[in-house]
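Reading through the structure tokens given below for one structure.
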Amino acid sequence: MDYICILIIQVISSIAMLVLLAIGLAIMFGMMKVINFAHGEFIMVGAYTSVMSVNAGLNFWLATFVVAPLAVAFVGFIVERVIIRHLYGRIIETMLATWGLSLFMIGTVTIVFGNTVTGISAPLGSISIGRFSNSTYDLVLIVMAAALLVACALFLRRTNLGLIARAAMQNADITAVLGHEPKKIYCATFVVGAAISGLSGALIAPLTGVSPGMGLAFVAKAFITVICAGPAVIFGTGLVAAVFGTVNTAVTFVATPVFGEVALLLSAIILLRVMPKGLTARIMRKAL
Amino acid sequence: MSIEILPAAQCSRTTVIPMIKEISIATAATTAAIVAALAFPHVAELYTLINVTIFISLCVLALSLGLVWGYGGIFCLGQAVFFGLGGYSYAIASLNFGDTTYGVAASLLVPMIFAAAVGYFIFWGRIGDVYVGVITLTITLIFSQLLNGSAGDAYVIGSVPLGGFNGIPMTPPLNIPGKAEEMLSPEAIFQVAILALAAAYLVCRVYLASKLGKTMVAIRENETRAELLGYDTRVVKLITFVIGAGLAGAAGMLFANSLTVTPNMFSLSITAQIVIWVLIGGRGTLLGPLVGCIFVQVITTQLGTSGFLNPEIILGGILIMFVMFVPSGLVPALRQVTERLIRRPLKWRK
């Protein structure tokens, strides 16, 4: 019983991890059809900001929830102004430019911090379930992932700004006619996506270790999750993360972590073959 | 651009000149390759020679994506898979059979068969643009994961251990077909490589001049229209994809001859580099990928060894600059400039 309990926590936390990795990218791709290949580096910058702030004596939670998102939002703002703005509507060009950006950021961070792995320890200790114990921080991640999904959905559904953002997503020209400048909306969306990526980076920093190349391990997985999600980005990302996370943990449990990863990737390929436009193009189309 | 009706004489000139140009380019390229193959080993040091051989193998790789993406419009992020498969199957087959002739055959056949399977899966599923990129990228990641995790006694093909992170260290150099003990010198391997590059170039040229190749370009421009005209776009795309995989496999075989095969051949950084070469050189040209490959390699090694900037910054910077300011790539941009310079005096004469 205890064992099953731990296993379920493992499955859910691996789903939460995927959600955290993908949600920033999901917002950018879903809202503006921008594939940000530097997404992993946004996460990396968030993680570095958090580690540096904590080492400078700042409170962990303050660093995670305030400093890191703000820092990455600033980076996102500059990137949008300098690069993305000129490439709207050209998916592959945007992807290549941000791929260049990704390499550029890795190089810069390597020069500044050196090619070493640093990290901070997870706060909050652990809780015990029967004979086993699990890090409490895992539970924080699960709650945060769920909260982010719900917050994004509520923001888009219930607020005025969310309505405008969805309108710009559906038809930018009409939205412009109604007096809302699409460029501003896109810029804001990109900055919000970047801020959330920064938050994710800070949240996962205690678990993964922080190095200049850490983003590379995430970007492909985030990218695959978002593409498989389909048109209903927020809900789809959650759903696809649930499928992939379960497959990954289940196969890791019976075989090895390598095969767990491979099973995740294989299920992505099969999913795209069966549903070429993503999961939510077929089911739950009304969701967000 | 204004549309004007050309007089008959000019019309025929516009169709004849490209053909003459094409034939002359092909002849010039082959001649240059033969001259280089004969002359270069006499003037270069061994270290340079091996390095240049590696460059040439990468040029073949660039050419393969130039065909698949530049002409075929198939945004394939899996070219590194075929490159790596070519290298691995060359090493494994050569070591198992003791003769590299089988290795060369395997390095072409294995990637092509795998590409045929993947291509059938993708093109018959009617998967388009970005989604092709995602699937092929995913396949790259799978191979990278699997081969990095293939250390230990459980992962052996025939008598060759896959060796995990370290790859297969004792990759044999090419030998004369049928005589396993007569291995080629680095000079001879260089000559083989440069002839292979010329051959790969000719394969692409011939394919593009054929009816199939022209249909492929039509599909890139407008797939629906090509389909409505009665072409089975899936078959044409599949053939292009398989040819590209064969070229990439050959590149992997040449690469394995100069270095060893490691899981690095399947890495995301190789994937990125191939795309960057083609983008910088110019999509829709065959010269472009070669120029892009050499340009990037020279710049990253020159500036990278100076120690001031690391290769990532340079590569990233170049990529951003090109996407934003020279989106068509080096070769088409230069061609445009020279054509403008040549045409101007003609117009004045009128």
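So that the names make sense, note that chain A is the first sequence line, chain B the second, and so on, each numbered from 1.
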Side chain, backbone, both or neither: which part of A/Leu266 has an atom under 4.5 Å from a heavy atom of chain B?
-> both
Part of A/Ile92 within contact of chain B (heavy atom distance under 4.5 Å) | side chain
What distance do [X] atom [atom1] and [Y] atom [atom2] have between them, rounded to the nearest 0.5 Å?
X        : Y        : atom1 : atom2 : answer
A/His86  : B/Phe325 : NE2   : CZ    : 7.5 Å
B/Ile135 : A/Leu272 : CD1   : CG    : 5.0 Å
A/Leu96  : B/Ile320 : CG    : CD1   : 11.0 Å
B/Leu268 : A/Phe37  : CG    : CZ    : 6.0 Å

Top residue by heavy-atom pair count (under 4.5 Å) with chain B, among A/Met105, A/Met95, A/Glu261?
-> A/Glu261
Most heavy-atom pairs under 4.5 angstrom with chain B, which of A/Val82, A/Ile227, A/Val258?
-> A/Ile227
For chain B, which residues from residues 244-253 of chain A have at least one heavy atom closer than 4.5 Å to it?
-> none
Count the heavy atoms belonging to other residues, nucleotides or ligands that lie under 6.0 Å from [atom1] of [X], then report whether that count exceeds 12.
X        : atom1 : result
A/Phe113 : CZ    : yes
A/Lys33  : NZ    : yes
A/Phe259 : CZ    : no
B/Arg225 : CZ    : no

Any residues in [range] near chain A, with a heavy-atom distance under 4.5 Å, and which are they?
range                       : answer
residues 67-79 of chain B   : B/Trp69, B/Phe75, B/Leu77
residues 269-284 of chain B : B/Thr271, B/Ala272, B/Val275, B/Ile276, B/Leu279, B/Arg283
residues 137-146 of chain B : B/Leu137, B/Thr138, B/Ile139, B/Leu141, B/Ile142, B/Gln145, B/Leu146

Best-contacting candidate, B/Gly149, B/Pro327, B/Gly133, B/Gly316, against chain A by heavy atom pairs under 4.5 angstrom = B/Gly316
